[in-house]
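Take a look at the structure set out below.
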2 protein chains.
Amino acid sequence: MDVQELIDRLGNQARVERFAANNLLFRRGDATRSVFGIVQGQALLRRYTVEGTALTIHRAFAGDIFAEAALFSDVYHCDGEVLAGTHVAQFPKLALQNLMQNDQVFAATFCHHMASQVQRLRSNLELRSIRSAEDRVMAALSLRLREGQSRLELNGTWKGFASEIGLTHEALYRALKRLQAGGRLTRSGRVVEI
Amino acid sequence: MDVQELIDRLGNQARVERFAANNLLFRRGDATRSVFGIVQGQALLRRYTVEGTALTIHRAFAGDIFAEAALFSDVYHCDGEVLAGTHVAQFPKLALQNLMQNDQVFAATFCHHMASQVQRLRSNLELRSIRSAEDRVMAALSLRLREGQSRLELNGTWKGFASEIGLTHEALYRALKRLQAGGRLTRSGRVVEI
DNA sequence: CGTCCGCTTGACTCAGATCAAACTTGGTGG
DNA sequence: CCACCAAGTTTGATCTGAGTCAAGCGGACG
């Protein structure tokens with residue numbers, strides 16, 4: 001499930017808004033009103049340490065749904081900020097809860113969505129404990145291959161891919177170069193073959 | 001929600017089994033029969049790259065529920081192996097699905113559990129992009145503090161904590177030492193004060 | 001036509017990994 | 001109750017590979 005699907009599903013109960021400048025959607029401790037989604041742009045979820053420094057606990061990009069936990073909590077547990085130029089979809093908590101209660105199929109879909117998230121996040125987390133850049137890149141690419149395939153096209157940019165897997169773009173490009181030199185993959189543009 | 005809760009809830013439909021030696025619970029492509037939980041010990045979820053090397057995509061420890069996605073898929077997408085001496089709880093997919101359909105409260109609890117997982121995993125992932133060992137340790141500890149508290153007791157060992165946050169235990173101990181020297185935290189045994 | 005941004009490569013640095021070893025601690029079983 | 005073993009804790013020395021800074025290229029887009 002993705003933002004657009006949820007917008008379609010909720011109809012006029014969903015509201016999409018564009019923020020020209022950086023904007024706080026909610027603060028930690030605020031009563032939870034909505035779950036959110038990014039249509040375009042980026043949002044940051046933050047908490048503050050005892051020492052007072054900001055701590056980013058999540059970065060949401062186009063297509064992502066975030067603050068789902070609002071459905072099950074009375075207050076937000078972090079600050080939510082959208083960056084300038086971002087289009088945000090708001091999904092009222094009550095509307096979502098109603099929908100889930102009255103529509104078993106939707107409830108299952110939503111649950112499925114979260115189970116998939118858990119799966120993806122867990123494997124991304126394991127990925128990060130692969131220290132070698134080359135091995136990490138190979139592993140990350142392998143996980144994105146469809147069963148039986150050996151070729152894939154990147155969704156975003158290589159730079160974006162680098163930050164998704166926790167490497168600087170320089171380290172990524174060098175790793176790719178070595179992998180190509182070693183004959184472990186070939187690529188042209190955003191298409192890779194392993 | 002934790003394994004024990006699910007065992008209690010499912011009653012005699014849940015089965016707990018002890019494996020003396022390493023054992024494959026399921027293979028990628030097998031029809032999904034159950035969701036699992038660890039009572040004691042450890043399980044590994046694995047996939048294989050095109051090159052044939054094993055790739056750990058998740059490590060489950062005591063208390064963890066895993067392979068939840070089995071509820072929404074016809075086949076497993078990875079191999080599931082338990083290590084020697086592990087006590088595993090099996091939750092039949094059908095029993096769980098029935099429970100979720102007939103008991104709205106349980107369904108909500110289960111959904112809540114997954115939303116919390118997503119939250120935790122996302123922040124752990126963000127944590128990994130903090131390069132400095134000291135900062136990463138402080139951030140990880142801060143996230144484990146209860147609101148308003150400044151002291152906490154570790155659940156597991158420091159060594160376990162190190163691998164949770166993606167550091168070697170040596171790097172962790174050295175970071176802790178520097179943090180203590182810098183007066184940013186104090187600790188005795190498994191109790192820390194920030 | 002110019003600007004922005006992704007891409008690519010080079011040189012250098014340094015923090016964390018690795019290897020090694022000693023010491024605690026806790027639990028087990030005789 | 002003590003001997004013993006396994007595992008966690010702690011510190012040292014060394015090394016390596018990813019980060020950082022820097023700079024040039026090229027394509028997209030207004």
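Letters A, B, ... mirror the listed sequences (proteins, then strands); counts begin at 1. Just so you know, these numbers come straight off a predicted model, no measurement behind them.
- Nearest-nucleotide assignment on DNA chain D puts the 5′-proximal partner with A/Arg131, out of A/Arg131 and A/Glu170.
- Of the side-chain N and O atoms in B/Lys159, none sit less than 4.0 angstrom from OP1 or OP2 of D/dA7.
- With rounding to whole Å, B/Leu176 atom CG is found 11 Å from D/dT10 atom C1'.
- Taking a heavy-atom distance under 4.0 Å as the criterion, the stretch of DNA chain C touched by chain A extends 5' to 3' from C/dG6 to C/dA17.
- Counting non-hydrogen atoms under 4.0 angstrom, A/Arg190 reaches the backbone sugars and phosphates but no base.
- Classified by interplanar angle (parallel below 30°, tilted 30° to 60°, perpendicular above 60°), the ring pair A/Phe72/B/His112 is parallel.
- Taking five base pairs at each end of the helix from C/dC1-D/dG30 to C/dG30-D/dC1, the local helix axes there meet at an angle of 60°, rounded to 10°.
- Regarding A/Tyr173, its OH atom lies at a distance of 14 Å from the P atom of D/dG19, rounded to whole Å.
- Among the atoms of the strands shown, none is found under 4.0 Å from any heavy atom of A/Arg136.
- Per the geometry, CG belonging to A/Asp135 stands 11 Å off P belonging to D/dG17, to the nearest Å.
- Between A/Gly156 and B/Leu172, the residue whose closest nucleotide on DNA chain C is further toward the 5' end is A/Gly156.
- Contacts of B/Arg184 classified as side chain to side chain contact (heavy atoms under 4.5 Å, CB included), with partners at least two apart in sequence or in another chain: A/Glu51, B/Glu134, B/Asp135, B/Met138, B/Leu179.
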